[in-house]
Amino acid sequence: MKAFREYDLIYSVVMSIPRGMVATYGQVAEIAGLPGHARQVGYALKVLPDDSGVPWHRVVNAKGGISKRLAPNYEQEQRILLEAEGIEFNRDDRISLEKYQWTP
DNA sequence: TTTATGGCTGTCA
DNA sequence: ATGACAGCCATAA
């Protein structure tokens, strides 16, 4: 029986991110106990249902920006959600990780 | 099983 | 600062 997957771990970490803060894929993977699985984190969020209650928008890449994905619409969606949480973007469409990156 | 793809990251020039 | 490269590994066909 294998009812537990890596994704559940990832989701737990993402849901642990406080409002108004963000975390990188690599960071989430590391906290979840899956170092080096940064891409899988992205994959986990990709297959994640919208009504799962997971703040996937709080997860950004190492550059503190929004990565390009298969569906360009989501990029806008994520930015809007982040701004709604009080996170501001720079001119380069990036977030100040020094200020907003979540550190447990 | 092998191949290809993917919401990444770190290092090097 | 920006661009190119290799490494990490799960999922789908």
Side-chain angles (χ1 to χ4, degrees):
Chain A
M1 143 186 176
K2 186 181 179 186
F4 212 66
R5 310 171 58 59
E6 301 183 353
Y7 287 8
D8 296 309
L9 237 35
I10 294 169
Y11 298 150
S12 297
V13 175
V14 176
M15 285 190 283
S16 302
I17 302 173
R19 187 175 182 278
M21 305 218 110
V22 297
T24 64
Y25 291 95
Q27 189 181 359
V28 171
E30 189 178 343
I31 295 170
L34 304 166
H37 289 216
R39 298 181 103 163
Q40 271 53 346
V41 173
Y43 231 88
L45 296 178
K46 170 182 155 191
V47 300
L48 177 68
D50 293 347
D51 57 351
S52 56
V54 179
W56 57 272
H57 53 264
R58 291 182 190 151
V59 184
V60 295
N61 60 23
K63 304 181 188 72
I66 302 174
S67 299
K68 292 184 178 181
R69 49 182 68 147
L70 302 177
N73 341 346
Y74 281 113
E75 295 182 23
Q76 298 285 303
E77 188 74 35
Q78 182 168 13
R79 174 163 182 163
I80 293 171
L81 288 168
L82 288 173
E83 291 180 324
E85 305 226 332
I87 297 173
E88 296 180 29
F89 283 69
N90 300 332
R91 289 182 300 156
D92 307 315
D93 298 297
R94 280 194 238 146
I95 301 171
S96 302
L97 292 177
E98 293 295 316
K99 297 182 65 174
Y100 298 109
Q101 185 168 46
W102 173 54
T103 48

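All chains are named by letter (A, B, ...) in the order of the sequence lines, taking the proteins before the strands, and each is independently numbered beginning at 1. Please read all numbers here as calculations on a predicted model, not as lab measurements.
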- When all nucleic acid strands are considered with a 4.0 Å heavy-atom cut-off, which category describes A:Arg94: base, sugar-phosphate, or nothing?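 Sugar-phosphate contact only.
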- Query: Should A:Val59 and A:Ile66 be counted in the same cluster of Ile, Leu, Val, Met, Phe, Trp and Tyr side chains packed under 4.5 Å apart?
  - Reply: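 Shared cluster, no.
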- Could you list all the salt bridge (Lys or Arg N to Asp or Glu O under 4.0 Å) pairs where at least one residue sits in residues 78-87 of chain A, not counting sequence neighbours?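 Applying salt bridge (Lys or Arg N to Asp or Glu O under 4.0 Å) to every pair that reaches into residues 78-87 of chain A, excluding sequence neighbours, yields A:Arg58-A:Glu85, A:Arg79-A:Glu83, A:Arg79-A:Asp93.
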Calculate, to the nearest 0.5 Å, the distance between atoms [atom1] and [atom2] belonging to [X] and [Y] respectively.
X: A:Leu45; Y: A:Tyr7; atom1: CG; atom2: OH; value: 9.0 Å
X: A:Ile95; Y: A:Tyr100; atom1: CD1; atom2: OH; value: 8.5 Å
X: A:Lys46; Y: A:Trp56; atom1: NZ; atom2: CH2; value: 14.0 Å

- Task: Summarise protein proximity over nucleotides 6-13 of chain B in one line of letters, 5' to 3': B for base, S for sugar-phosphate only, - for none, counting protein heavy atoms closer than 4.0 Å.
- Result: BBBS----
- Message: In whole Å, I'd like the distance from the CG atom of A:Leu48 to the P atom of C:dT11.
- Response: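 Rounding to the nearest Å, CG of A:Leu48 and P of C:dT11 are 14 Å apart.
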- Using the side-chain hydrogen bond (donor to acceptor under 3.5 Å, both in side chains) rule, collect all pairs that involve residues 64-77 of chain A, keeping only residues at least two apart or in two chains.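 Found A:Asn61-A:Ser67, A:Arg69-A:Gln78.
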- Task: Stems involving DNA chain B: give each as a range paired with a range, ordered by first number, where a stem means at least three consecutive Watson-Crick or G-U wobble pairs under 3.5 Å.
- Result: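 Runs of three or more consecutive pairs: B:2-6 with C:9-13, B:8-13 with C:2-7.
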- Item | For the student: nearest non-hydrogen atoms of A:Leu81 and A:His57, plus distance |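 Closest pair (atom of A:Leu81, atom of A:His57, distance): CD1-ND1, 3.5 Å.
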Only pairs under 3.5 Å count here: list side-chain donor-acceptor contacts from residues 10-39 of chain A, not counting sequence neighbours, and write none if there are none.
residue : atom : partner  : partner atom : Å
A:Tyr11 : OH   : A:Ala44  : O            : 3.0
A:Ser12 : OG   : A:Asp8   : O            : 2.9
A:Ser16 : OG   : A:Ser12  : O            : 2.7
A:Arg19 : NH2  : A:Ala84  : O            : 3.3
A:Thr24 : OG1  : A:Gln27  : N            : 3.1
A:Gln27 : OE1  : A:Gln101 : NE2          : 3.1
A:Gln27 : NE2  : A:Trp102 : O            : 2.4

